[in-house]
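Below is one structure, written out as structure tokens, with a few remarks after it.
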Amino acid sequence: MKSADRRRSVTMDAVVEALDLPPDDRAAFLERRFPDQASRVEAERLLRACDRAVQGSIFDTPAVQFAAPLLKEAEESEPEVLSAALMGRYAIERELGRGGQATVYLARDERHLRPVALKVLHAEVLPGSGPTRGAAWFRREIELTARLAHPHIIPVYD
Amino acid sequence: MGFAALADAQKSGQTCQGWLGGVVPLTQNSAGEITEALGALRNGTPGAMDRLMPLVYEQLRRMARRQLSAEADGHTLTATALVHEAWLKLVDQTQTEWQDRTHFFAIASLAMRRILVDFARRHRAIRRGGVDGTPPAPISLDSVELSVAERADALIALDEALERLAEVDPRLARVVECRFFAGLTEEETAEALNVSRRTVAREWALARGWLYQELGGEVG
């Protein structure tokens with residue numbers, strides 16, 4: 001990376017150099033670099049933040065573990081959010097299967113009083129939440145399947 | 001919400017495995033595409049990066065999801081394992097050259113950041129949508145005993161702070177993506193960013209401190 005891309009402050013430059021030194025030598029290094037106490041304060045604060053960020057911060061655990069409860073919740077909250085969205089049309093009974101892309105539920109069609117399987121695309125696959133083509137693929141799958149009539153292909157109702 | 005209702009739930013119960021896979025191209029197809037796009041990237045073909053990113057994003061997201069539903073708690077799910085497994089499974093190893101692994105890890109680290117932040121944004125959108133209606137709490141970077149909402153807010157705030165850090169020094173932000181979001185080792189990060197291990201070590205420390213301060217961590 002070219003140094004021209006950087007707009008690091010004098011403080012950051014000094015602290016990154018200090019971090020290269022044994023911890024006991026860092027304070028003295030900053031004193032030499034910034035003889036004036038007023039300008040040294042900022043660097044000392046940043047250095048303390050570097051020490052502090054090492055323990056008991058978000059960076060302690062890798063991001064995926066930090067976010068695991070979020071991913072887990074995304075799975076678990078799905079039926080709840082879905083039930084609200086489908087109110088009066090389909091009533092969800094239970095989950096039938098789950099893939100990386102979608103979940104299939106057993107539901108009851110409340111208008112026509114018949115059991116149906118509901119295939120629900122995971123929310124983060126939908127447009128506006130990532131560079132995926134998931135929703136477009138799904139729409140195409142529905143359009144294609146709806147046109148087919150064959151004993152081994154499940155008919156699409158809705 | 002995207003959904004399709006199908007007739008005959010009994011029958012669909014039996015066949016839904018195949019149906020579940022039908023939404024996007026199967027992993028095998030993507031593996032070919034990813035391997036090919038990595039080759040294109042290596043040869044400097046324009047647009048190779050734009051093709052790779054959505055493919056890698058999608059596959060990593062699916063793998064994270066699948067791994068998570070296969071186990072009781074999320075504790076054994078690690079980005080390191082995900083990214084390495086993705087490299088082995090999604091790329092045809094007989095057709096790669098040494099640079100490809102480096103390129104793949106660099107792209108995967110960016111993809112992991114987007115995936116996790118997208119999950120956090122989704123959580124916030126649902127919360128705002130009235131599932132519980134509580135306003136976002138002030139963010140905390142101290143990770144002990146955080147609620148799901150606090151985790152979402154912390155990830156979003158971190159993502160925004162990383163944008164600001166990238167304006168100061170793009171490489172510092174990349175180091176955070178590799179080390180924190182993709183769980184790469186110091187050595188793998190050094191390879192992915194084409195710098196020395198020592199640079200990675202001190203810039204990772206600097207970036208963490210800068211972000212900690214930026215996000216209002218108390219440093220006394």
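The structure presented is a predicted model; accordingly, all values stated were derived computationally and were not measured.
A:Ala53 approaches B:Gly209 most closely through the heavy-atom pair CB-N, 4.1 Å.
B:Arg151 has its side chain within reach of A:Pro69: a pair of non-hydrogen atoms, C-beta onward, lies under 4.5 Å apart. Side chains of B:Leu211 and A:Phe59 form a contact here, defined as non-hydrogen atoms less than 4.5 Å apart. Annotation: side chain of B:Phe180 is in contact with side chain of A:Ile58 (closest heavy-atom distance under 4.5 Å).
Taken from CG in B:Leu155 to CG in A:Leu70, the straight-line distance is 6.5 Å, to the nearest 0.5 Å. Note: A:Leu71 CG to B:His123 NE2 = 12.5 Å, rounded to the nearest 0.5 Å.
Residues from residues 10-32 of chain A that place a non-hydrogen atom less than 4.5 Å from a non-hydrogen atom of chain B comprise A:Met12, A:Val15, A:Val16, A:Leu19, A:Asp20, given in numerical order. Heavy-atom proximity under 4.5 angstrom to chain A picks out B:Arg198, B:Arg202, B:Glu203, B:Trp204, B:Ala205 from residues 198-205 of chain B.
For B:Leu184, no part lies near chain A; criterion is any non-hydrogen pair under 4.5 Å.
Within a 6.0 Å radius of CD in B:Glu186, more than 12 heavy atoms belonging to other residues, nucleotides or ligands are found. Around the CD atom of B:Glu163, the shell of radius 6.0 Å holds more than 12 heavy atoms that belong to other residues, nucleotides or ligands. Within a 6.0 Å radius of CG in A:Asp36, other residues, nucleotides and ligands contribute more than 12 heavy atoms.
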Requested in this report: Given side chain to side chain contact (heavy atoms under 4.5 Å, CB included), test A:Arg8 with B:Leu172 step by step and report yes or no.
Outcome: CA-CA 10 Å; A:Arg8 271 191 201 169; B:Leu172 289 177; 4.2 Å; yes
